[in-house]
> 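Below are the structure tokens for one structure; questions will follow.
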Amino acid sequence: MPDSKPYLPGPQTEIGRSPLRDIVAIVARRKWQIAAVFAVSISLVAYWTFSQPKQYEARMKVFVKNFRADMVVSGASTAQTSPPSEVSEAKINTEIELLGSNDLLRQVATASKLATLESPQGSAPGDQQQFQLERAVARLHRDLKISPVRKADIIEIDYVANNPHQVITVLTQLAASYLEAHVRIHGSPGTYEFFSKQADHYVEELKNAETAFTDFRLKKDIVLFGQQKEEILRRASEASSTLLATEASIHEYMQAIADARAQAAAAAPRVITQSRAVSNQSSVERLI
């Protein structure tokens with residue numbers, strides 16, 4: 001009975017043929033399609049990259065520290081001060097919440113004029129400014145990244161914007177507003193207002209002192225302190241030299257007078273032995 005073999009449709013794989021040769025063959029047959037797809041992909045990526053606006057990033061770090069030490073009240077004559085404790089995770093989280101609070105960010109957005117960069121579309125005619133401010137605060141919430149640094153008492157703040165001046169202005173204003181809010185919250189009641197009034201008072205005194213100093217300069221005709229000081233010192237030095245020379249001359253004259261007096265005292269006195277009067281002195285002089 002003759003042997004019968006089963007029929008297998010399709011091409012049969014050759015025994016010992018490498019799959020790598022099949023891949024190379026496929027790539028060789030489809031090389032133009034692969035090159036076209038690759039070129040289109042690179043072009044799309046390059047177009048998307050260059051069409052995106054430039055982004056500027058700034059970073060700020062806030063160091064959290066316990067400034068005040070706990071006072072131990074006892075009956076002893078001297079008060080004991082306990083060393084400041086380590087900053088807890090709750091305190092760091094409190095500072096993070098303060099940095100990201102709506103009131104603080106609204107102050108930053110108002111001072112940095114971020115509302116002018118928002119579009120008023122979708123708002124009522126009378127509420128455009130408030131709508132722009134709220135959108136600016138929401139965008140600030142999204143662009144600000146506030147996170148604690150691991151194993152450190154530091155809070156890191158990152159901000160990204162399209163304008164480099166805006167990045168610097170926002171972070172600077174954020175730092176100033178945060179310090180003001182931190183002092184107001186953690187300080188004693190009334191302390192911030194007291195020191196604020198004292199600071200304003202001393203600023204006013206400084207302005208008054210500068211005004212009085214300016215009036216004094218104008219009254220005394222003082223323009224260039226350095227040159228005028230050098231001129232006065234030079235004149236004082238010349239006057240001092242002249243005074244010393246005059247004193248030396250006076251000493252010499254006094255010595256000469258003393259010598260003359262001594263010589264006059266040592267000379268022999270003159271005695272008048274005869275005195276004669278002539279009546280017509282002019283005629284006698286002509287005869288002589």
> State the CD-OG1 distance between E89 and T94, to the nearest 0.5 angstrom.
10.5 Å
> Answer yes or no: is there a side-chain heavy-atom contact under 4.5 Å between L174 and L105?
yes
> Can a salt bridge be assigned to the pair R106 and D103 using a cut-off of 4.0 Å between side-chain N and carboxylate O?
yes
> Is there a side-chain contact between K65 and D153 in this structure, where contact means two heavy atoms from C-beta onward sitting under 4.5 Å apart?
no
> So how far is it from Y178 OH to L104 CG, rounded to the nearest 0.5 Å?
9.5 Å
> Measuring only between side-chain heavy atoms, which start at C-beta, is R59 closer than 4.5 Å to I157?
no
> Quick one about E134 and Q130 (side-chain donor to acceptor, distance below 3.5 Å, no hydrogens or angles considered), yes or no?
yes
> Do E230 and L233 come close enough that some side-chain heavy atom pair is under 4.5 Å?
no
> I'd like to check M60 versus Y159 (side-chain heavy atoms, cut-off strictly below 4.5 Å). Are they in contact?
no
> If you compare all heavy atoms of Q132 against all heavy atoms of A115, which two are closest, and at what distance to 0.1 Å?
CB-O, 3.5 Å
> Check the hydrophobic clustering (I, L, V, M, F, W, Y; side-chain heavy atoms under 4.5 Å; chains of links allowed) and say if V62 and I168 are grouped together.
no
> Around atom CZ of R142, are there more than 12 heavy atoms from other residues, nucleotides or ligands closer than 6.0 Å?
yes
> Nearest heavy-atom pair of A109 and A136: which atoms, and what distance?
CB-CB, 4.4 Å
> State the CE-OG distance between M254 and S249, to the nearest 0.5 angstrom.
13.5 Å
> Counting C-beta onward and ignoring hydrogens, is there a side-chain heavy-atom pair between V64 and K91 closer than 4.5 Å?
yes
> Out of curiosity, Q129 CD to T110 OG1, how far, rounded to the nearest 0.5 Å?
10.5 Å
> Less than 4.0 angstrom from a charged side-chain N to a carboxylate O is my criterion; do K207 and E210 meet it?
no
> Hey, could you give me the CG/CG distance between L144 and L171, rounded to the nearest 0.5 Å?
7.0 Å
> Report the C-alpha distance between Q166 and Y56 in whole Å, list the side-chain angles of each, state the deciding distance to 0.1 Å, and finish with yes or no for side chain to side chain donor-acceptor pair (under 3.5 Å).
CA-CA 9 Å; Q166 177 183 343; Y56 299 91; over 6 Å; no
> Compare all side-chain heavy atoms of Y202 with those of E205 and state whether any distance is below 4.5 angstrom.
yes
> Is F63 linked to V149 within one hydrophobic cluster, defined over Ile, Leu, Val, Met, Phe, Trp and Tyr using a side-chain heavy-atom separation of less than 4.5 Å?
yes
> For I155 and I92, which heavy atoms make the closest approach, and how far apart are they?
CD1-O, 3.8 Å
> So, are E238 and R234 salt-bridged, with charged N and O less than 4.0 Å apart?
yes
> Show the nearest heavy-atom pair for residues Q173 and A111, with the distance to one decimal.
CD-CB, 3.4 Å
> Kindly compute the distance separating CG (N93) from CG (L98), expressed to the nearest 0.5 Å.
12.5 Å
